[in-house]
Amino acid sequence: MTTVTEFDQAAAASIDEALDVLAGRRIAVLTGAGVSTDSGIPDYRGKGAPTRTPMTAAQFLADEHARRRYWVGSHLGWRAFAAAQPNTGHRALADLETSGVAAGVITQNVDGLHVRAGSRRVVELHGTMRRVFCTHCGQVFDRRDLAARVEADNPWIAIPDSVALDPDGDVLPETTDGFRIPACTVCAGMLKPDVVFFGEFIPAEKFREAEQLVGAADALVVAGSSLVVNSGIRLVERARRRRLPVVIINRGATRADPRATVKIESGTSEVLRAFADALPGARRRSS
Ligand SMILES: [Zn+2]
C-alpha cells in the first residue's frame, strides 16, 4: 500500500532537507505527546491545549484525598489508554528500527504505544502506565490486573464513554467519594503507578540509557515534543556536543529550534512515514 500525503511546500522542502541530512546515518529518536495525538491522546502542551496543574508526587504521597482523586482519574485514564491504538507514526518508527535505520526510541510518553507498535528498544523516560509498584516493598503489578481489582473493589465506578484525557492518563473525575484505594497485596503498602510525576526526577539509570542511545547514534530526530521538559533538551544538547545533526518534527515552536539542523513544521505521523519509506533506500545506497 502506498500512502500519498500532501505536504505544503515548506514542509515538503524541509522533509527533503532532513532526508539528505539523515541518509546513511543511524538515528536515535526522541518522541513526545505529539506522536500520540493521532491515536486520540491529546497533547496538553500543544497548541490550544487547556492549562493544567498536574499532581505532584509529594501531594500523592502525603494526601489521601489527593491519592483517591488520582486513582479514580488514573483508572479511567488507563481504560482510555488501553483502548487507544498505535498510529502511522508509531508504526513508521518500528519499521525504521526493523530496517536498521533507527537505533531505538526514547519517549516522554507513558502510553506504551511504541511498544505496542512493535518498537523493541524503547526508553520510557517518564515510566509507563502498564506497571504499578509498591512504595514499601517494591513489588510490581501489571496494570491490567490492578484495574480488574479496582473495579472489583469499586463496582460503582462508571466508565464514561469519553473522558477528558491527558498524556499522563489523568482525567478529572466527577466524584471520588467512597473510592477504595488499591493497596499492595503482599504488604498492604501504598501503590504508585510507575510513572514520573510532575516535579519528580527521571531515574538516573533511565536517563543514562537514553544518553547511551543518543551516544550510539549518528543523528537525533525529535518528534512531537516542544521540549519543555528538561530531560529532552539535555538529550539535544548531548547530540549537539557530539556535532550530530538534529532534526525536529513538531507543529509549533520548540525550545531547541535554534539548535536544530532542520525543523519540520508538520504532523509527526506523515513525516515519520515519509522517513520510513525513503530512508532504507538511502541507507542501502550509502553502504
Ligand atoms: Zn508491598
Side-chain angles (χ1 to χ4, degrees), residues 31-33 36 41 44 53-84 104-117 119-154 157 159 163 165-173 176 179-213 229-232:
T31 68
S36 289
I41 299 171
Y44 65 88
T53 312
M55 185 173 297
T56 64
Q59 283 173 307
F60 178 85
L61 295 173
D63 178 358
E64 190 178 321
H65 177 73
R67 209 150 53 236
R68 184 174 289 127
R69 188 165 65 81
Y70 178 88
W71 274 114
V72 173
S74 178
H75 176 74
L76 298 174
W78 157 254
R79 282 293 177 217
F81 267 31
V105 182
I106 303 158
T107 187
Q108 298 168 337
N109 302 338
V110 298
D111 54 37
L113 290 175
H114 287 302
V115 174
R116 283 174 53 199
S119 284
R120 288 179 301 272
R121 189 166 178 195
V122 182
V123 182
E124 294 173 310
L125 277 181
H126 294 170
T128 172
M129 288 276 281
R130 292 189 307 279
R131 286 189 300 268
V132 170
F133 69 94
C134 174
T135 57
H136 186 69
C137 76
Q139 178 72 38
V140 175
F141 299 92
D142 187 301
R143 187 61 187 251
R144 284 169 299 192
D145 301 337
L146 188 88
R149 188 141 64 86
V150 163
E151 284 171 16
D153 284 350
N154 303 280
I157 198 164
I159 299 166
V163 290
L165 182 66
D166 72 34
D168 294 335
D170 293 346
V171 289
L172 195 62
T176 60
F179 179 78
R180 280 181 65 190
I181 299 173
C184 176
T185 49
V186 177
C187 76
M190 189 195 295
L191 296 180
K192 185 174 175 292
D194 191 8
V195 296
V196 174
F197 277 55
F198 184 73
E200 241 183 342
F201 290 108
I202 291 166
E205 194 185 319
K206 188 74 72 183
F207 192 73
R208 257 198 308 277
E209 216 183 311
E211 283 184 314
Q212 278 164 5
L213 214 154
V229 181
N230 278 329
S231 55

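All figures in this text were calculated on a predicted structure; none of them were measured in a lab.
In this pair, Phe60 and Tyr70 present their aromatic rings perpendicular. The plane angle is above 60°, beyond the 30 to 60° band.
Atoms CZ and CG, on Phe201 and Asn230 in that order, are 9.5 Å from each other to the nearest 0.5 Å. Here the straight-line distance linking atom NE2 of His75 with atom CZ of Arg149 works out to 12.5 Å at 0.5 Å rounding.
Listed by first and then second residue, the side chain to side chain donor-acceptor pair (under 3.5 Å) pairs that reach into residues 200-209 are Lys192-Glu200, sequence neighbours excluded. Every pair passing side chain to side chain donor-acceptor pair (under 3.5 Å) that includes a residue from residues 129-144 is listed here, sequence neighbours excluded: Ser74-Arg143, Glu124-Arg130, Thr128-Arg130, Arg131-Asp194, Asp142-Arg144. Pairs of residues two or more places apart, or lying in two chains, never qualify as salt bridge (charged side-chain N to carboxylate O under 4.0 Å, His left out) while including a residue from residues 181-191.
Closest heavy-atom contact between Ala84 and Leu113: O-CD2, 3.9 Å. The nearest pair of heavy atoms linking Val196 to Leu125 is CG2-O, 3.8 Å. The two residues Ser36 and Asn109 have their closest heavy-atom pair at OG-ND2, 3.5 Å. Here the closest heavy-atom approach between residue Trp78 and residue Ala147 is recorded as NE1-CB, 3.5 Å. Taking all atoms of both residues into account, the shortest heavy-atom contact from Leu191 to Cys134 is CD2-CA, 3.8 Å.
Under the side-chain hydrogen bond (donor to acceptor under 3.5 Å, both in side chains) criterion, Thr56 pairs with Gln59, sequence neighbours left out. By the ring pair (Phe, Tyr, Trp, His ring centres under 6.0 Å) test, Phe207 is found to be paired with no residue, residues two or more places apart in sequence or in another chain being considered. With sequence neighbours excluded, no residue forms a side-chain hydrogen bond (donor to acceptor under 3.5 Å, both in side chains) with Asp145.
Using a 4.5 Å cut-off on side-chain heavy atoms (C-beta onward), Phe141 and Thr185 make contact. Looking at Pro193 and Trp71, their side chains come closer than 4.5 Å, going by heavy atoms from C-beta outward. Within the 4.5 Å cutoff, side-chain heavy atoms of Phe179 are placed close to those of Val150.
Between the Asp111 side chain and the Phe81 main chain, no donor and acceptor come within less than 3.5 Å of each other. Between the side chain of His126 and the main chain of Val110, no donor-acceptor pair closer than 3.5 Å is present.
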